[in-house]
Amino acid sequence: VTPKDLLGRRIVVTAGGTREPLDPVRYIGNRSSGKQGLAIAVGAAARGATVTLVGANLEVHAAASDDLHVVHVSTTLELEAAVTAAAAEADVVVMAAAVADYRPESVAPAKIKKDVQGDTLQLTLVKNPDILAGLAGARRDGQVIVGFAAETVDDREQLLALGRAKIARKGADYLVLNRVGWTEGFATESNSIIVVNSAGDIVSEASGTKTSVAARILDLLT
Ligand code: C5P
């Protein structure tokens, strides 16, 4: 039987990857499937938490239940609005979603046409808000903020160095680090993570299915 060691906790999890539209039919996106975030949300609900999953373009089906509320979003600004609203009532926020750092400055009202554009097409992108840093800055007493850092690095030391700098910059309580690449991390069945705390200390390490990795992350929240 699953221990109900998260009973009564209110947890918000973001999952998936945001999409930033260029025109009515095209977007800039990333390859996050939402599997790791969904595994965290489902695992937390099974352990007794009340969960709000903010899903950005999930490639996996999220079955809502009494303990698992699902809010679907697409763009970074939509995700920000949904997670900020849900965070107001939450004990824990887990930002597993892969959020676009930039969005097109303007969205074309109709399809961008190559006969009009010619041989090159220049896009101007503007920076999106850093949602994680915003949530950490606005955190209530006792609220726990968990971020993710997916990095294309060669080795563990580089990953840790980037992670420690990132958690200091963002002000989160925990940062889940994992390597990603053409064949790793995104849209795969398994994952390998290191979790650091705000002091930069390693507090957990796990490898395996995304469900088993989710369980180790949730252990930190009991
Ligand atoms: O800076 P970086 O994108 O690597 O940070 C990753 C973490 O920050 C993830 O938890 C992601 O959900 C979050 N993030 C965010 N807003 C952004 C970019 C990333 O909340 N604009």
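No experiment lies behind these values; they were computed from the predicted model shown. Residue numbers count from 1 along this sequence. As the structure lists them, so they are numbered: ligands from 1, and atoms in each ligand from 1.
Scanning the protein for heavy atoms near atom 4 (O) of ligand 1, the closest one is Lys166 NZ, 2.3 Å. If you check which protein heavy atom lies closest to atom 16 (N) of ligand 1, you get Ile131 N, 3.0 Å. The nearest heavy-atom contact from the protein to atom 9 (C) of ligand 1 is Phe148 O, 3.1 Å. When hydrogens are left out, the protein atom nearest atom 18 (C) of ligand 1 is Asp101 OD1, 3.4 Å; that is the closest non-hydrogen contact.
Considering each of Lys170, Glu80, Met95, the one bringing a non-hydrogen atom nearest atom 5 (O) of ligand 1 is Lys170. Nearest to atom 19 (C) of ligand 1 by heavy atom, out of Thr18, Val99, Val83, is Val99. Selection from Gly147, Ala97, Ala15 by nearest heavy atom to atom 11 (C) of ligand 1 gives Ala97.
Placement of Val12 and Ile40 in two distinct hydrophobic clusters is found when ILVMFWY residues are connected by side-chain heavy-atom separations under 4.5 Å, directly or transitively. By the criterion of side-chain heavy atoms lying less than 4.5 angstrom apart, applied directly or through intervening Ile, Leu, Val, Met, Phe, Trp or Tyr residues, Phe148 is grouped together with Val42 in one hydrophobic cluster. Linking Ile, Leu, Val, Met, Phe, Trp and Tyr residues whenever their side-chain heavy atoms come within less than 4.5 Å places Val176 and Ile11 in a single cluster. No chain of hydrophobic side-chain contacts below 4.5 Å, direct or via other Ile, Leu, Val, Met, Phe, Trp or Tyr residues, connects Val126 to Val99. No chain of hydrophobic side-chain contacts below 4.5 Å, direct or via other Ile, Leu, Val, Met, Phe, Trp or Tyr residues, connects Val93 to Leu220.
Using 4.0 Å as the threshold, Asp130 has a heavy atom nearer than that to some atom of ligand 1. The closest approach between a heavy atom of Lys127 and any atom of ligand 1 is not below 4.0 Å.
A donor atom on one side chain and an acceptor atom on the other are not found under 3.5 Å apart for Glu189 and Thr209. Thr75 and Thr18 form no side-chain donor-acceptor contact under 3.5 Å, judged by distance and modelled atom types alone.
Atoms of ligand 1 lying under 4.0 Å from at least one heavy atom of Pro129, given by number and element, are 16 (N), 17 (C), 21 (N). Residue Leu132 has at least one heavy-atom neighbour below 4.0 Å for each of these atoms of ligand 1: 7 (C), 8 (O), 10 (O), 13 (C), 15 (C), 20 (O).
Between Arg179 and Asp154 there is no salt bridge, since no side-chain N of the basic residue sits under 4.0 Å from a carboxylate O of the acidic one.
An N or O contact shorter than 3.5 Å is missing between Thr76 and ligand 1 by distance.
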